[in-house]
Amino acid sequence: MKTIGLWAAIILPLWDIPLIVRVVKRKSSQDISLIWAIGIWITAVMLAPSAFLSGDKMAIGFNTMNVIMLTGVMIVTIKYRKGTQ
């Protein structure tokens with residue numbers, strides 16, 4: 001069960017990829033809340049040290065992938081905020 005949990009923790013944040021792809025294709029992030037994108041990224045970064053210190057592989061895997069993917073979401077949301085630059 002721990003192996004399944006670890007894989008789920010790693011795969012779950014990958015669902016951010018379609019959002020990133022959609023923003024890049026449209027060259028606009030107007031329909032995404034900037035406060036949400038920045039707020040969820042800050043929260044993930046704040047949670048990460050706790051996961052790393054816990055030593056729990058599932059928490060470390062999830063938080064690592066979550067921070068990476070949410071960083072991508074935040075970057076494209078900010079980059080494409082005003083449409084085509």
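Residue Ile32 holds its CD1 atom at 4.0 Å from CG of Leu19, rounded to the nearest 0.5 Å. Atom CG in Leu14 sits 9.5 Å away from atom CD1 in Ile20 (nearest 0.5 Å). Atom OG of Ser29 is separated from atom NZ of Lys82 by 10.5 Å, given to the nearest 0.5 angstrom. Here the CE atom belonging to Met58 is positioned 10.5 Å from the CD1 atom belonging to Ile4, to the nearest 0.5 angstrom.
Considering Ile78, Leu70, Val76 as possible partners of Met74, the one that fulfils the side chain to side chain contact (heavy atoms under 4.5 Å, CB included) test is Ile78. Of the residues listed (Val23, Asp16, Ile17), the one engaging Val73 in a side chain to side chain contact (heavy atoms under 4.5 Å, CB included) is Asp16, and it is the only one.
For the residue pair Ile10 and Met65, the shortest heavy atom distance occurs at O-CG, 3.7 Å. The minimum heavy-atom distance linking Ala51 with Ala59 is given by the pair CB-O, 3.6 Å.
In the hydrophobic clustering, Ile60 connects to Phe52, either directly or through intervening members, whenever side-chain heavy atoms lie under 4.5 Å apart.
Shown here are the side-chain hydrogen bond (donor to acceptor under 3.5 Å, both in side chains) partners of Thr71, two or more places apart in sequence or in another chain: Trp41.
Ile42 and Leu34 fall within the same hydrophobic cluster, defined by Ile, Leu, Val, Met, Phe, Trp and Tyr side-chain heavy atoms under 4.5 Å apart, directly or through other members. Following chains of ILVMFWY side-chain contacts shorter than 4.5 Å, one can reach Ile40 starting from Ile38, so the two form part of one hydrophobic cluster. Under the 4.5 Å side-chain heavy-atom criterion for Ile, Leu, Val, Met, Phe, Trp and Tyr, Leu6 and Leu47 are members of distinct hydrophobic clusters. In this structure, Tyr80 is a member of the same hydrophobic cluster as Val21, with clusters built from ILVMFWY side-chain heavy atoms closer than 4.5 Å.
Among residues at least two apart or in separate chains, there is no salt bridge (charged side-chain N to carboxylate O under 4.0 Å, His left out) pair with a member in residues 53-76.
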